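Structure, as structure tokens:
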Amino acid sequence: MKLFLDTANVDQVAEIAAWGVLDGVTTNPSLVAKEGKDFKETVMKMCELVPCVSAQVTATEFEGMKKQAEEYHGWHKHVVVKVPMTIEGLKTLHYCREKKIRTNCTLVFSANQALLAAKAGASIISPFIGRLDDAGQDGMALIAEIMQIWSYYDFDTEVLVASTRHPRHIVEAAELGAHISTIPYEVFKRLPHHPLTDSGLKKFMEDWENVKK
Ligand code: E4P
């Protein structure tokens, strides 16, 4: 499973990329607004660190989405154009597939939306599991449903588990065979740690002090 960082902070991307485990980044307008930096510059810097950076269109009509998709695509070959799951978005996904522009269909909350996005030609679909959990639904059940559907057909659309909230989400996404998980920085930083690793290493170091050299 590929691991993406869900952030618009370049320093965070550089830090996690240095671990050798990072396959990409997902940004969105809210994350970009939070950082308060120039969007294009942020995306370009990230593209130098990882091979796949999602940059979201902000137009809501096909013509505007299409224009932004072409513009972002021209920035760097690592850009993946993020398109919201709307009817206008479906038209944009189809257009981008024809033009060989990679896309990530965002704000997917149902299996029917996933199916339509894949048929329209999305390279990636992003079901938001945490937001479904927040709304009292079972987000991971949607991933299970989508992965089951995917097992019957030969879609080349990757399923990206988005809106993850804690480390178990990443394990469960992998158990279901999801292709990608995007992970917030705070959650990513918790993944390498286990208290038994810390106490085990402490004991090894203490015992090593007693080895005659
Ligand atoms: C994915 O591409 C989105 O940026 C993200 O996962 C949304 O997460 P949130 O629900 O925590 O805002």
Side-chain angles (χ1 to χ4, degrees), residues 1-13 16-17 21-37 39 42-43 45-47 49-60 65 68-69 72 78-86 89-90 92-93 96 101-110 113-114 117-118 120 122-143 146-147 157-174 176 178-191:
M1 183 171 70
K2 292 182 208 165
L3 300 180
F4 285 11
L5 189 62
D6 199 24
T7 188
N9 182 304
V10 178
D11 292 340
Q12 292 176 355
V13 177
I16 307 293
V21 299
L22 194 61
D23 300 295
V25 175
T26 46
T27 68
N28 67 39
S30 307
L31 292 170
V32 174
K34 191 174 125 200
E35 296 302 325
K37 301 264 172 64
F39 178 45
T42 298
V43 170
K45 284 183 181 166
M46 288 178 172
C47 284
L49 297 166
V50 289
C52 186
V53 178
S54 286
Q56 188 166 333
V57 298
T58 48
T60 51
M65 288 180 170
Q68 285 184 319
Y72 299 173
H78 292 174
V79 169
V80 174
V81 179
K82 212 177 194 191
V83 177
M85 177 54 229
T86 60
L90 288 174
T92 308
L93 294 171
C96 287
I101 297 174
R102 286 191 295 165
T103 52
N104 173 358
C105 181
T106 189
L107 293 168
V108 169
F109 291 97
S110 77
Q113 290 180 324
S123 317
I124 297 171
I125 54 157
S126 291
F128 278 36
I129 62 164
R131 293 193 195 185
L132 278 170
D133 290 349
D134 293 344
Q137 288 179 248
D138 182 351
M140 205 50 83
L142 173 62
I143 302 301
I146 293 171
M147 294 315 296
T157 306
E158 293 183 294
V159 177
L160 181 157
V161 179
S163 187
T164 54
R165 303 268 197 258
H166 53 74
R168 276 308 295 177
H169 272 157
I170 317 311
V171 175
E172 289 164 12
L176 290 169
H179 306 92
I180 309 166
S181 273
T182 193
I183 308 166
Y185 176 73
E186 297 69 28
V187 176
F188 218 124
K189 291 271 282 179
R190 283 155 62 192
L191 299 183

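Counting convention: from 1, in listed order, for ligands and their atoms alike. Numbering of residues begins at 1 and proceeds along the displayed sequence. Small disclaimer: the values here were computed from a predicted structure and weren't measured.
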(message) Strictly under 4.0 angstrom, heavy-atom based: which residues surround ligand 1?
(response)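 Asp6, Thr26, Asn28, Lys82, Phe128, Arg131, Ala162, Ser163, Arg165, Thr182.
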(request) Ignoring hydrogens and angles, tell me if any N or O in the side chain of Thr103 forms a donor-acceptor pair with the backbone of Ser123 under 3.5 Å. (result)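 Yes, Thr103 side chain to Ser123 backbone: donor-acceptor pair under 3.5 Å.
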(message) Just by distance, no angles: are the side chains of Gln56 and Asn28 close enough, under 3.5 Å, to form a donor-acceptor pair?
(response)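 Note: Gln56 and Asn28 side chains miss the donor-acceptor criterion.
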(request) Could you tell me whether the side chain of Arg131 reaches within less than 4.5 Å of the side chain of Leu107, counting heavy atoms only? (result)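 Leu107 vs Arg131: side chains touch.
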(message) Once ring pair (Phe, Tyr, Trp, His ring centres under 6.0 Å) is applied, do any residues pair with Phe109, and if so which ones, sequence neighbours excluded?
(response)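 Ring pair (Phe, Tyr, Trp, His ring centres under 6.0 Å) check on Phe109 returns Phe128.
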(message) Please enumerate all residues that pass salt bridge (charged side-chain N to carboxylate O under 4.0 Å, His left out) together with Asp134, with sequence neighbours excluded.
(response)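 Scan of Asp134 (salt bridge (charged side-chain N to carboxylate O under 4.0 Å, His left out), adjacent residues dropped) gives Arg165.
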(request) Kindly write out the residues that satisfy salt bridge (charged side-chain N to carboxylate O under 4.0 Å, His left out) with Lys189, not counting sequence neighbours, or none if the list is empty. (result)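 Applying salt bridge (charged side-chain N to carboxylate O under 4.0 Å, His left out) to Lys189 gives Glu15.
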